[in-house]
Amino acid sequence: MLGRLSIAGRSLLVPHLAGTMGGGGSALRVCADHRGGINWLSLSPDGQRLLTGSEDGTARLWSTADGQCCALLQGHESYVTFCQLEDEAAFTCSADRTIRKWDVLNGQCLQVFRGHTSIVNRILVAKNQLFSSSYDRTARAWSIDKGQVSREFRGHRNCVLTLAYSAPWDLPRAPCSEEAVAGGLLVTGSTDGTAKVWQVASGCCHQTLRGHTGAVLCLALDTPGHTAFTGSTDGTIRSWDILSGEQLRVFQEHQGSVICLELVNQHVYSGSADRTVKCWVADTGEPVRTFTAHRHSVSALKYHAGTLFTGCGDARARAFDAQSGALQRVFRGHAFVINCIQVGRRHPGSSAARSAGAPVPREDGGRWAGRTPPDGPGVAVPADARPGRRARGRSGGAAGQRGGLLRLCPQVHGQVLYTASHDGALRLWDVRGLPAPRPVGPKRSLSRLFSNKVGCADAAPLQPA
């Protein structure tokens, strides 16, 4: 049943909130300042700000303390495809073929990076380097200080969707490989069905990973193990040694495109167009568990402290017990596909945290240790999982539901859930009441999705809207 919601002068047609499992997922606040669907959501490392990029061509900075918009970033000439928020700067990329750097205090544009000849799909910031992937079939490395291209990676025969960076200090220093890994390795995935490993220092292709029979939509990188996991429209996941290029194993059980991957605790979690999430043993490819209850393609997922969060094309986010597979909560309220999710921590001393009656969970490992970019699986996937097709629907439009990009970048940062949707709204949810996190054993390696950042900064409490 639909109801009309008026927020900040906008009238949105949204489903009435129904009862949810596990105590319900009550919305704390709805922010509807954007005039188009939100394509991406990024949380700053210190947890104090959020950045959203929209189909309306703008990005907005939000305070996690009160959910208020604190800056409007204007300048792009087309829709914003992706964004990354750091403590001192914000970065956005767009279908206008540019990347922009912004001041997070006043919202002013500090730098425009020009050079790509088609849509810039993803960006990745690592120290003073910026990496980008584009529909122009290239990836590029940029000097953030100079705003100029330092390396161009050419070799893919179609759009470059996803990318990950492995820093030189995370790679083995054997004499035979020292020169190749001196500047680190960049891994890219493309709609041409391959992934490529590039030497950043030279710009040369180090390895081409061949085996998929469909587009490579998502990528997870185990840097210490120098292993890459790729998911494809062919329904398989494949693992690779990025130094030798050897295919290690094939994970086969999904009945649809593999849209997103997460690597944690020596397990691989995969979300698919077949409406399921599967858990696999990373070293053997053995399937362990299947998570059902989704009514559309699973666009992304995030494991945190015993809970698996998923986002789906049915406009709902869900929380599962990762060990049993039991559905714990459904978050309803958006009108169209949820494109992005993050979770922020409440201050342990706040009245809201005290009333929860449970300790505030701590993050595993604190601020992200890898040099892979923040905020989610980082791949644009059409609803029908056919690469290269993009719906330009606006909020409330039918295109947002039928052909909108299914992109979700879930992150768990505490007890406030942030969801951004193609309906143009940013919603804040109370996630108290989920079972207490189970303790986890030491990890063999701390692996990150190519655009996944987990932080543990505190945010001030929010009051229900």
Asker: Is the ring pair Phe82/Trp40 parallel, tilted or perpendicular, if the boundaries are 30 and 60 degrees?
Answerer: tilted
Asker: Take Ser232 and Val258 through the side chain to side chain contact (heavy atoms under 4.5 Å, CB included) test and state the conclusion after the steps.
Answerer: CA-CA 5 Å; Ser232 169; Val258 179; 6.0 Å; no
Asker: What residues, two or more places apart in sequence or in another chain, satisfy side-chain hydrogen bond (donor to acceptor under 3.5 Å, both in side chains) together with Thr419?
Answerer: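 His334, Trp429.
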Asker: Do the side chain of Thr64 and the main chain of Gly47 share a donor and acceptor less than 3.5 angstrom apart?
Answerer: yes
Asker: Rounded to the nearest 0.5 Å, how far does OG of Ser270 lie from CG of Leu301?
Answerer: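 One gets 7.5 Å once the value is rounded to the nearest 0.5 Å.
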Asker: Please list, chain by chain and in numerical order, all residues satisfying ring-ring contact (aromatic ring centres under 6.0 Å, His included) with Phe153, sequence neighbours excluded.
Answerer: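 So Phe153 forms a ring-ring contact (aromatic ring centres under 6.0 Å, His included) with Trp198.
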Asker: Closer than 3.5 angstrom, by distance alone: can the side chain of Ser166 be matched with the main-chain N or O of Thr223 as a donor-acceptor pair?
Answerer: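 Here the side-chain-to-backbone pair does not exist.
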Asker: When rounded to the nearest 0.5 angstrom, what is the spacing between CZ in Arg427 and CD1 in Ile338?
Answerer: 9.0 Å
Asker: Backbone N or O of Asp241 within a donor-acceptor pair of the Thr227 side chain at under 3.5 Å?
Answerer: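 No; zero donor-acceptor contacts below 3.5 Å.
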Asker: Is any side-chain heavy atom of Cys340 closer than 4.5 Å to a side-chain heavy atom of Tyr418?
Answerer: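 No - every pair of side-chain heavy atoms lies 4.5 Å or more apart.
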Asker: Of all residues at least two apart in sequence or in a different chain, which pass the side chain to side chain contact (heavy atoms under 4.5 Å, CB included) check with Glu88?
Answerer: none
Asker: Is a side-chain N or O of Thr81 found less than 3.5 angstrom from the main chain of Ala95, in a donor-acceptor match?
Answerer: no
Asker: Where do Cys83 and Thr92 come nearest, in terms of heavy atoms and distance?
Answerer: CB-CG2, 4.0 Å
Asker: How far apart are the closest heavy atoms of Ile123 and Ser132, and which atoms are they?
Answerer: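 Heavy-atom minimum between the residues: CG2-CB, 4.1 Å.
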Asker: How would you list, by chain and number, every residue that makes a salt bridge (Lys or Arg N to Asp or Glu O under 4.0 Å) with Asp192, sequence neighbours excluded?
Answerer: none
Asker: If we only count heavy atoms from C-beta on, is the Trp102 to Leu51 side-chain gap below 4.5 Å?
Answerer: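 Trp102 does not reach Leu51 side chain to side chain.
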Asker: Heavy atoms only: give me the nearest Gly53-Val80 pair and the separation to one decimal.
Answerer: CA-CG1, 3.8 Å
Asker: Return the minimal non-hydrogen interatomic distance between Glu253 and Pro287, and the atom names on each side.
Answerer: OE2-CG, 3.3 Å
Asker: Which residue, Lys196, His156, Arg122, forms the side-chain hydrogen bond (donor to acceptor under 3.5 Å, both in side chains) with Thr188?
Answerer: His156
Asker: Can you list the residues that meet the salt bridge (Lys or Arg N to Asp or Glu O under 4.0 Å) rule with Arg316, with sequence neighbours excluded?
Answerer: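 Arg316 satisfies salt bridge (Lys or Arg N to Asp or Glu O under 4.0 Å) with no residue once adjacent residues are dropped.
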Asker: Can you name the residues that form a salt bridge (Lys or Arg N to Asp or Glu O under 4.0 Å) with Lys101, not counting sequence neighbours?
Answerer: none
Asker: Less than 4.5 Å apart, side chain to side chain, heavy atoms only: is that true for Leu85 and Leu50?
Answerer: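 No, too far: nothing below the 4.5 Å cut-off.
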Asker: Taking the side chain as everything from C-beta on, heavy atoms only, tell me whether Tyr135 gets closer than 4.5 Å to Leu161.
Answerer: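 Yes - at least one pair of side-chain heavy atoms lies under 4.5 Å apart.
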Asker: Would a distance-only check, ignoring hydrogens and angles, find a side-chain to backbone donor-acceptor pair under 3.5 Å from Gln266 to Val264?
Answerer: no
Asker: Who are the salt bridge (Lys or Arg N to Asp or Glu O under 4.0 Å) partners of Glu286, not counting sequence neighbours?
Answerer: none
Asker: Can any side-chain N or O of Thr307 pair as donor or acceptor with the backbone N or O of Asp321 at less than 3.5 Å?
Answerer: no
Asker: Is there a donor-acceptor contact under 3.5 Å from the side chain of Ser257 to the main chain of Ile259?
Answerer: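 No: the side chain of Ser257 does not pair with the backbone of Ile259.
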Asker: State, yes or no, whether a side-chain contact exists between Arg60 and Ile38 at a heavy-atom distance under 4.5 Å.
Answerer: no
Asker: To the nearest 0.5 Å, what is the distance between CG on Leu41 and CD on Gln342?
Answerer: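 Interatomic distance, Leu41 CG to Gln342 CD, rounded to 0.5 Å: 4.5 Å.
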Asker: For Ser133, does its backbone N or O pair with a side-chain atom of Asn121 as donor and acceptor, under 3.5 Å?
Answerer: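 Answer holds: no.
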Asker: Holding to ring-ring contact (aromatic ring centres under 6.0 Å, His included), I want the full list of residues that pass it with Phe291, two or more places apart in sequence or in another chain.
Answerer: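 In terms of ring-ring contact (aromatic ring centres under 6.0 Å, His included), with neighbours along the sequence ignored, Phe291 is linked to Phe320.
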Asker: Got a sec, which residues hit side chain to side chain contact (heavy atoms under 4.5 Å, CB included) with Thr230, two or more places apart in sequence or on another chain?
Answerer: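 Expected list: Ala195, His212, Val216, Leu219, Arg238, Trp240.
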Asker: Measure the CG-OH distance between Asn39 and Tyr79 for me, rounded to the nearest 0.5 Å.
Answerer: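 Going from the CG atom of Asn39 to the OH atom of Tyr79 covers 8.0 Å.
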Asker: Between OG1 of Thr213 and CG of Asp234, what distance do you get to the nearest 0.5 Å?
Answerer: 4.0 Å
Asker: Rounded to the nearest 0.5 Å, how far does CD1 of Ile144 lie from CZ of Phe91?
Answerer: 4.0 Å
Asker: I would like to know whether Val200 and Tyr165 meet side chain to side chain contact (heavy atoms under 4.5 Å, CB included); could you show each step before the answer?
Answerer: CA-CA 9 Å; Val200 173; Tyr165 175 61; 3.8 Å; yes
Asker: Under the side chain to side chain contact (heavy atoms under 4.5 Å, CB included) rule, collect the residues that match up with Ser54, sequence neighbours excluded.
Answerer: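 Partners of Ser54 by the side chain to side chain contact (heavy atoms under 4.5 Å, CB included) criterion, ordered by chain and then number, come out as His34, Asp56.
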Asker: Got Val268 and Leu261 here, is their nearest side-chain heavy-atom distance under 4.5 Å?
Answerer: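 Answer yes - side chains close enough.
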Asker: Applying side chain to side chain contact (heavy atoms under 4.5 Å, CB included) to Thr162 and Cys218, what does each step give before you reach the verdict?
Answerer: CA-CA 6 Å; Thr162 179; Cys218 49; 5.7 Å; no
Asker: With Ser421, which residues qualify under side-chain hydrogen bond (donor to acceptor under 3.5 Å, both in side chains), at least two apart?
Answerer: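 Partners of Ser421 by the side-chain hydrogen bond (donor to acceptor under 3.5 Å, both in side chains) criterion, ordered by chain and then number, come out as Asp423.
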Asker: Test your reading of the model: is there a side-chain donor-acceptor pair from Ser44 to the backbone of Gln48, 3.5 Å cut-off?
Answerer: yes
Asker: Among residues at least two apart in sequence or on other chains, which ones pass side chain to side chain contact (heavy atoms under 4.5 Å, CB included) with Val197?
Answerer: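 By the side chain to side chain contact (heavy atoms under 4.5 Å, CB included) rule, Val197 matches Leu185, Val187, His206, Gln207, Leu209, Ile242.
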Asker: Kindly give the heavy-atom pair with the smallest separation between Gly67 and Trp62, and that separation in Å.
Answerer: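 Looking at all heavy atoms of both residues, the shortest contact is O-CE3, 3.6 Å.
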Asker: Within the 4.5 Å heavy-atom criterion, are Ser272 and Lys278 side-chain neighbours or not?
Answerer: no
Asker: Considering all heavy atoms of both residues, which atom of His294 and which atom of Cys312 are nearest to each other, and what is their separation?
Answerer: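 Nearest heavy atoms, His294 then Cys312: CB-SG, 3.9 Å.
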Asker: Side-chain contact test, heavy atoms from C-beta onward, threshold under 4.5 Å: evaluate it for Asp87 versus Pro45 and give yes or no.
Answerer: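 They are in contact (side-chain heavy atoms under 4.5 Å apart), so the answer is yes.
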Asker: So, the side chain of Thr191 versus the backbone of Cys159: is there a donor-acceptor pair under 3.5 Å, distance only?
Answerer: yes
